[in-house]
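Here the structure comes first, spelled out in structure tokens, and everything after it is commentary.
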Amino acid sequence: MIEPSRFDNRFIRELPGDPETGNFRRQVTDACYSRVMPTPVRAPRTLAVSAEVAQMLDFTPEFAGSETFARVFGGCELLPGMEPFAMCYGGHQFGHWAGQLGDGRAIILGELMTRHHGRQLLQLKGAGPTPYSRTADGLAVLRSSVREFLCSEAMHHLGVPTTRALSLVTTGEDVVRDMFYSGNPRPEPGAIVCRVAPSFTRFGNFEILAARGDVRLLGALVDYTIATDFPELGPPGTETRLAWLREVARRTAVLMAHWMRVGFVHGVMNTDNMSILGLTIDYGPYGWLEDYNPDWTPNTTDGERRRYRYGTQPQVGMWNLVQLANAIYPLVEDVPSLEAALSVYPETYEQTWRHMLAAKLGLATFDAARDQPLCDALFEVMQLTETDMTLFFRCLADPRVCSTSSADARWAALLPAYYTPERVTADMRARILAWVDSYLSRVEQEGEPAAARQTRMNQVNPLYVLRNYLAQLAIDKAEAGDPGFILELLGTLRSPCQEQPGRAHLAEKRPDWARQRAGCSMLSCSS
Ligand code: AMP
Ligand code: MG
């Protein structure tokens with residue numbers, strides 16, 4: 001068990017809290033958080049635990065399998081030392097200032113000082129209403145909890161910065177949701193995920209204080225964040241605050257490049273969903289690119305304007321950083337310095353993205369003059385016909401794609417990446433193979449044996465990603481009482497680049513039945 005002294009609840013110790021302790025919806029001013037207890041549930045049952053996260057938190061397998069664990073992470077009981085609270089933040093939603101939002105269904109249980117992984121905050125998502133719940137119920141359904149649990153862990157194993165997920169606990173209670181806001185509400189099983197991160201602070205935590213003109217508290221929160229999560233940046237002061245903005249911009253740029261590299265579409269990049277640590281946070285109507293299409297968004301709530309489609313994510317990252325810079329303006333009062341800090345973003349993004357593209361293509365270096373046109377042409381041929389992004393990069397590392405093989409052999413290697421090979425015209429095929437030719441002459445210049453390149457490519461290009469339809473299959477089974485497929489996916493996605501015997505069915509492109517099925521290609525914010 002964890003000794004109470006291992007909980008160092010610094011956020012609530014050092015920052016001002018809401019003096020009101022009743023759990024009712026309200027505007028909370030002059031405070032960064034409100035104390036609030038999770039709402040106990042009828043029958044907490046642990047459906048899945050991430051063994052790596054449990055270990056990171058120094059939890060024993062016995063504890064992770066215990067009744068106490070289910071009760072704590074189902075919101076029914078606290079461990080000694082836990083002091084639950086919900087954070088106050090605001091945000092720009094779909095481009096518009098939305099005022100106070102806050103942890104409407106998230107409750108931080110405590111800040112655990114781990115033996116080897118520093119400070120880790122434990123946060124329940126779906127554990128009942130808080131002062132920030134506005135008109136909603138503070139609960140989460142199994143469907144969205146399975147998606148958050150699996151994707152957090154899948155992203156981590158892909159090397160993408162993310163909040164982690166410790167546990168998935170069902171509540172034994174129903175939650176009513178209208179999945180597509182179409183006037184068809186239905187009861188669904190409720191669940192709670194315990195998320196884990198060194199900090200859950202978002203851009204919106206700073207924005208709300210700036211919007212209210214609370215410059216004193218804004219400065220306190222910035223300095224707290226720097227001292228707690230960015231101590232290497234130096235002592236409090238304007239220079240350090242600018243260095244902090246620069247670092248947040250750098251991390252956000254790196255995060256965007258990672259999302260683009262693996263084909264992840266967040267779906268709701270509002271500023272309240274932007275982590276100050278540059279982590280992926282708030283897995284809602286996210287999706288994975290199947291066929292490569294920069295205009296795709298999984299979020300039907302954003303289906304019309306497609307603000308948060310795959311291809312615009314890097315620009316939106318910058319837009320969101322501008323909101324953060326605006327928020328801290330009163331602390332710096334120097335536009336050129338803020339702009340200079342933000343200029344790190346495009347530079348870092350370009351550099352990181354090129355580096356990642358080179359790795360995906362098996363190139364040792366990226367020479368912009370030569371390789372940019374090659375990549376531009378690649379993304380063009382990937383849009384000629386429905387091409388699975390994940391499989392394409394794996395197919396490109398097939399031994400048959402080499403300078404000594406015939407056009408037919410090369411084509412056969414690429415074929416698994418195409419959704420409708422029968423619709424590939426002779427012209428399309430010729431253009432794709434012409435690109436492969438230019439690619440092979442480029443890799444030949446590196447003078448490396450093809451097998452070595454192929455091995456390196458297969459170390460960075462995943463074979464297994466949390467395809468939208470796979471998550472939905474796991475949900476269907478879990479709703480029918482069988483968590484087996486969640487565990488199978490969790491196990492497989494632990495080694496996303498490594499071919500695993502007996503797991504070929506988890507590496508297949510989206511089957512045709514999933515093309516238009518709700519939850520597979522279309523999701524909404526209802527969760
Ligand atoms: P999201 O778009 O999911 O990041 O949510 C935006 C805001 O709505 C956040 O402040 C959430 O805490 C809040 N929210 C979302 N779903 C619920 C819910 N079921 N109950 C209470 N608050 C919610
Ligand atoms: Mg959110």
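We count ligands from 1, going down the list as the structure has it; atoms in each ligand are counted the same way. A quick note: this is a predicted structure, and the numbers were derived from the prediction, not measured.
- Arg35 and Thr130 are not linked by any side-chain donor-acceptor pair at a separation below 3.5 angstrom, with hydrogens and angles left out of the test.
- Under the 4.0 angstrom criterion for non-hydrogen atoms, Arg177 is in contact with ligand 1.
- Cation-pi geometry between Arg147 and Tyr286 is met: under 6.0 angstrom from the ring centre, within 45 degrees of the axis.
- Side-chain N/O atoms of Asn468 and Gln472 include no donor and acceptor closer than 3.5 Å.
- Taking only nitrogen or oxygen atoms, main chain and side chain alike, Tyr132 does not reach within less than 3.5 Å of ligand 1.
- Using a 4.0 Å cut-off between charged side-chain N and carboxylate O, Arg467 and Asp388 make a salt bridge.
- The side-chain hydrogen bond (donor to acceptor under 3.5 Å, both in side chains) test with Glu111 singles out one residue from Arg10, Arg119, Gln120, Arg6, and that residue is Arg119.
- With Asp178 contributing its side chain and Gly183 its backbone, the two residues share a donor-acceptor pair below 3.5 Å.
- Regarding atom 16 (N) of ligand 1, its nearest protein heavy-atom neighbour is Arg105 NE, 3.3 Å.
- A cation-pi arrangement is absent between Arg134 and Tyr132, since the terminal nitrogen or guanidinium carbon is not both under 6.0 Å from the aromatic centre and inside a 45° cone about the axis.
- The Mg ion (ligand 2) has Asn273 among its coordinating residues (N/O/S atom, backbone or side chain, under 2.8 Å).
- Under a cut-off of 6.0 angstrom, the local environment of CD in Gln351 is sparse, with at most 12 non-hydrogen atoms contributed by other residues, nucleotides or ligands.
- Between Trp259 and His266, the ring planes are parallel. Angles under 30° get that label, and only those over 60° would be called perpendicular.
- Residue Asp272 has at least one heavy-atom neighbour below 4.0 Å for each of these atoms of ligand 1: 4 (O), 6 (C).
- Of all protein heavy atoms, the one closest to atom 13 (C) of ligand 1 is Arg134 NH2, 3.6 Å.
- Between Gln93 and ligand 1, a contact under 3.5 Å exists for no N or O pair.
- Here the N, O or S atom of Asp282 that is nearest to the Mg ion (ligand 2) is OD2.
- Considering backbone and side-chain atoms together, Val268 places no N or O closer than 3.5 Å to any N or O of ligand 1.
- Scanning the protein heavy atoms around atom 12 (O) of ligand 1, the nearest turns out to be Gly104 N, 2.8 Å.
- Remark: Arg510 fails to qualify as a cation-pi partner of Trp288 under the 6.0 Å distance and 45° angle criteria applied to the six-membered ring.
- Protein heavy atom nearest atom 20 (N) of ligand 1, with residue, atom name and distance: Gly138 N, 2.7 Å.
- At the shortest separation from atom 9 (C) of ligand 1 among protein heavy atoms lies Gly102 O, 3.6 Å.
- Residue contact annotation: Asp272 places no N/O/S atom under 2.8 Å from the Mg ion (ligand 2).
- Judged by the shortest distance from any of its heavy atoms, Cys525 lies outside the 4.0 Å radius around the atoms of ligand 1.
- Looking only at protein heavy atoms, the nearest one to atom 18 (C) of ligand 1 is Ala136 CB, 3.4 Å.
- Scanning the protein for heavy atoms near atom 4 (O) of ligand 1, the closest one is Asn273 OD1, 2.9 Å.
- Residue Asp282 approaches ligand 1 through these ligand atoms, each under 4.0 Å from one of its heavy atoms: 4 (O).
- One finds a salt bridge joining Asp8 and Arg13 here, because a Lys/Arg side-chain nitrogen approaches an Asp/Glu carboxylate oxygen to under 4.0 Å.
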